[in-house]
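As structure tokens, the structure follows; a few thoughts come after it.
Bear in mind that the values here come from a model prediction, so they are computed numbers and not experimental data. Computation of the quantities below employed the complete heavy-atom set of this structure, encompassing side-chain atoms and omitting hydrogens, waters and symmetry-equivalent molecules.
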Amino acid sequence: MINKLTIENFRCISSEKYIDFEKNLTIIIGENDAGKTTILNALEIVLGNMNVDENDFCYGKNEIVLKLETTEFKIVQKFNKIDKNKNIKEVIINKSFLNELCSEINKIEAIEENIESIKVIGDYVQIKKGSSGIEKYKNNIIEKIKQLLSTETSLNNSTILNLYKADFLDSKKIENVNEFINKTYINDFKKEIWDKIVPIEEGKTLKDLIDYEFEKEIDHISLEINKDSFISSIKKYNKDIQKISLNKNEIPFKNIDASVNVSVVDKKDNEIDFEKKGDGTKRRMTMSLFELRANSQSNSSNYLYVLDEPDTHLHVRAQGEFLEILNKMQNKQIIITTHSPFLINASQIEKIRFIEKNIDNIKIKKVKSDEELDSCMEFLGVENINIFFSKKIILVEGETEEEFFKEWYRSKYNISIKSKFVKIINIKGIYNAPGFVKALMELGLANNTIALFDNDVLDIEEEDQNSINTIINGLGLKENENFFKIGIKEFEDSFNTNDIYNSWFKYAECEKENQSSKSFYWNLEEIEKLKEKCSKENLKFSSELKKLTVGMGKKFTKPIFGRLLAKYTLRDNLDDKIVKTLDFIDND
């Protein structure tokens with residue numbers, strides 16, 4: 001697994017910067033020219049799939065330094081602009097990984113039955129079997145591991161890097177079926193053909209041999225992509241497709257650039273160039289191919305997919321389907337760049353990296369909260385979820401409930417509530433409701449709206465109550481179905497005293513529960529008394545509650561309190577009206 005990439009003096013990155021990667025999916029976001037593609041290209045260079053030229057050196061710098069840390073190796077690559085003899089590439093195997101290999105091979109007793117496992121370990125430390133017996137082969141591997149453990153020997157990088165396979169795909173290659181198959185399946189063949197041990201028949205040329213091997217590979221790929229399950233998935237979008245055909249292009253043997261042209265066979269057995277099909281069909285095809293390829297490599301733990309803006313030209317629904325495919329690939333490491341708020345919202349916060357370009361460098365930030373993500377999206381000039389794309393609207397009156405529902409969904413599903421295309425609108429008081437509701441009616445969103453208002457809505461003047469009734473009728477809301485009045489007076493007092501106490505107490509991390517009342521008033525008895533007092537004297541419980549937190553060392557704010565209630569309150573303890581609102585979010 002790739003853990004960390006460090007870049008120095010490469011393009012827009014003038015001083016050493018690093019980015020760490022998640023074990024499955026990492027999402028890189030940032031404005032255009034911020035350095036997202038620079039990071040992907042640096043990774044491609046280290047893995048041997050791309051070369052450096054003079055334009056890659058940062059202005060005024062003569063040496064590019066790239067370092068890649070994986071679970072197994074540390075790779076250091078340096079490029080010198082003036083003296084190419086100073087270019088170096090070192091691959092150092094990690095001692096912890098060597099110890100794992102040593103332990104693993106020492107456990108193998110039935111060596112005849114486990115020869116393939118032994119070969120895998122041998123490949124890591126670059127020991128070939130040869131003509132000697134298997135026992136000797138195993139002992140040679142153990143000796144090499146011991147040697148590597150005692151030194152900092154650099155391994156042959158070309159052999160080691162063959163253990164890491166990667167597909168680097170931009171939006172054009174993802175959209176174009178020919179490009180996709182040639183960049184993935186056929187590229188594998190071009191790399192592996194040189195390591196194949198094949199007999200050459202008398203009178204046959206090297207060209208004949210490569211042609212023969214290429215045709216065999218095409219037959220193998222054709223069988224793979226014409227499985228019933230795959231064709232069935234394509235037929236969902238184009239019922240005429242009966243078969244996928246791969247036609248070998250003539251190989252220009254000066255550079256052995258093997259490639260194929262993809263066509264489809266319809267019900268009448270007509271063969272049609274895939275490029276003649278609609279864009280929607282082509283995108284669905286590549287998405288399905290991507291899933292098929294990933295599933296066929298289920299046993300390969302060192303396979304990396306790097307996708308540069310794969311969502312370009314994909315409709316919102318298709319973006320969601322594509323993300324589902326990515327999330328199914330649990331045993332694969334995937335790195336993508338994107339501008340799509342829909343992909344971002346549907347992803348776990350900890351998987352997102354934000355790239356910001358400064359005057360002479362870039363800043364790489366690991367996103368840690370919804371607030372940070374909102375700030376990043378605002379910086380990019382994209383509202384985190386536009387109301388026009390919302391499927392459901394929740395109207396609330398204040399910050400506590402707004403943050404409660406966001407945090408509840410995040411805690412339960414580990415993704416943003418916005419991934420469900422739910423928009424929470426904080427109207428900041430019942431008196432602002434008419435304007436918001438009028439807008440929802442004009443946008444045609446009234447049928448998918450629910451309102452959760454504080455129970456003190458009953459205390460407003462008759463004229464305003466009549467206005468609210470008109471709005472409720474306009475949206476077609478029904479009390480206790482999609483219009484709720486909550487709490488004794490407000491959302492905050494609808495929670496039981498134990499949950500209110502525990503939520504803030506755990507946050508403040510107070511070790512001494514029984515402190516003097518002169519400095520510490522946060523206890524069950526005081527909270528219950530405050531509830532009764534606010535009910536009798538028509539006071540705001542949330543405002544008065546803040547006074548009880550004096551001396552706890554944490555500033556009481558409604559957004560924080562809302563998140564804490566969501567984090568520490570069990571669903572069974574919630575008010576029925578909150579539960580109904582949560583059901584509204586979950587139900588499709």
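- In this structure, the separation between CG on Leu25 and CG on Leu323 is 6.5 Å, given to the nearest 0.5 Å.
- For the pair Lys554 and Tyr507, the distance from NZ or CZ to the six-membered ring centre is under 6.0 Å and the angle to the ring normal is within 45 degrees.
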Assess the residue pair Phe495 and Asn573 against the criterion (side chain to side chain contact (heavy atoms under 4.5 Å, CB included)); give the C-alpha distance rounded to whole Å, side-chain angles, the decisive distance to 0.1 Å, and a yes or no. CA-CA 8 Å; Phe495 292 83; Asn573 292 349; over 6 Å; no
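- A donor-acceptor pair shorter than 3.5 Å can be found between the side chains of Lys351 and Asn24.
- Asp20 and Arg353 are joined by a salt bridge, as a carboxylate oxygen and a charged side-chain nitrogen come within less than 4.0 angstrom of each other.
- Screening residues 553-587 for ring pair (Phe, Tyr, Trp, His ring centres under 6.0 Å) gives Trp504-Phe556, Phe556-Phe561 as the qualifying pairs, with residues at least two apart or on separate chains.
- Note on ring orientation: taking the six-membered ring where Trp is involved, the planes of Phe491 and Phe404 are perpendicular (angle over 60°, cut-offs 30° and 60°).
- Side chains of Glu407 and Ser411: a donor on one and an acceptor on the other come within 3.5 Å.
- Side-chain contact, Asp167 with Thr184: no donor N or O sits under 3.5 Å from an acceptor N or O.
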Show the numbers, then the answer: is there a side chain to side chain contact (heavy atoms under 4.5 Å, CB included) between Arg571 and Trp408? CA-CA 10 Å; Arg571 186 184 176 97; Trp408 182 275; 3.9 Å; yes
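- Defined by atom type and a distance below 3.5 Å, a donor-acceptor pair is missing between the side-chain atoms of Asn358 and Asn361.
- With Ser103 contributing its side chain and Asn99 its backbone, the two residues share no donor-acceptor pair below 3.5 Å.
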